[in-house]
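Scope of the values below: all heavy atoms of this structure, side chains included, with no hydrogens, waters or symmetry mates.
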Amino acid sequence: MPWPSRKRDKGAVADKKEPDAKIAKTEETQKKEEEEKSTKPPAGSSKSGWKNWKKAKESDAGGEESKQTYCHWLLKSEPESRLEKGVDMKFSIDDLKAQPNQTTFWEGVRNYQARNFLRAMKLGQQAFFYHSNCKEPGVVGIVKIVKEAYPDHTQFDQKDPHYDSTSRKENPKWSMVDVQFVRMTKRFIPLSEIKAHHLAHKADGGPLKNMMLFTRQRLSIQPLTQEEFDFVLSLEEEKPH
DNA sequence: GCCAACGTTGGC
DNA sequence: GCCAACGTTGGC
């Protein structure tokens, strides 16, 4: 789903195959689903979590109160080969490092909630690069947003596995951002370890008690609170366990 | 490779 | 608008 993948023919972006015409039906269907459906935090978990989102915190400066302004993210990507419509979805952090400028566009997100989070990303914000659907899932590095949301060109490319025949160029449904490699974490931080803390924190009220990695397990783009980001990052200083 | 979780679709 | 069928995600 939603992750980036190969950077194949970036050059081909232009690609003008204008599929549109033929689809016709789309028109009406289109507008309805629109945006909001999932912008807000997890309905289900709302009560539990976001209130303490800035718990305490003295600094409060942020003004995050009402509408939480997320400032950190977690991006899932698959480091192992898997074909989707004949195209390899593999994109590990090493693949990112190999890109020109160590930068890539995060294309292929086709889930409204994930897309809305993409659109909320701001220049310079940092995100964990997470390896999913693989032998050892977990956080492997840090990336930053170097270009805010703009239309994902792959939605108009019929040859792309994530082509969306219902999206019109005049009103693109899907967005992407550009991210750049910042650094590897000092060590691999496995999902199992993060999960163990999450479970402990659910009992004692610690910072990972509501982490979306566990409360919305299938979301490929997730926001992290400052506390969540700091806590996970602090694990890189500890000995693997 | 299995399968639980969960998002999406479509009949009614 | 409900909900069963279906498809996808992604840990294990």
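- Atom-to-atom, CZ of F91(A) to P of dG10(C) comes out at 17 Å; the value is rounded to the nearest Å.
- Out of dG7(B), dC12(C), dA5(B), the shortest distance to the side chain of R216(A) is found at dG7(B).
- Whole-Å rounding puts the R110(A) CZ to dT9(B) P distance at 13 Å.
- Put simply, CG on L213(A) is 8 Å from P on dG11(C), counting in whole angstrom units.
- At whole-Å resolution of the value, CD in E84(A) and C1' in dT9(C) are 11 Å apart.
- The side chain of K76(A) places no N or O atom within less than 4.0 Å of a non-bridging phosphate oxygen (OP1 or OP2) of dT9(C).
- Counting only N and O atoms by type, the side chains of R110(A) and S167(A) include no donor and acceptor under 3.5 Å apart.
- Residue K195(A) is classed as a sugar-phosphate contact, given heavy-atom separations below 4.0 Å to backbone atoms only.
- Put simply, CG on N133(A) is 15 Å from P on dC2(B), counting in whole angstrom units.
- Remark: K159(A) is not positioned above the aromatic ring of Y163(A), lacking an NZ or CZ atom under 6.0 angstrom from the ring centre and at most 45 degrees off the axis.
- We find that CG of L191(A) is positioned 13 Å from C1' of dT9(C), with the value rounded to whole Å.
- Here Y130(A) lies in heavy-atom contact (under 4.0 Å) with sugar-phosphate atoms only.
- Remark: the H72(A) side chain and the Q226(A) side chain contain an N/O donor-acceptor pair separated by less than 3.5 Å.
- To the nearest angstrom, P of dT9(B) lies 10 Å from CG of D164(A).
- A centroid separation of 6.0 Å or more is found between the aromatic rings of Y150(A) and F105(A).
- Note: CG (L219(A)) to C1' (dT8(B)) measures 14 Å, nearest angstrom.
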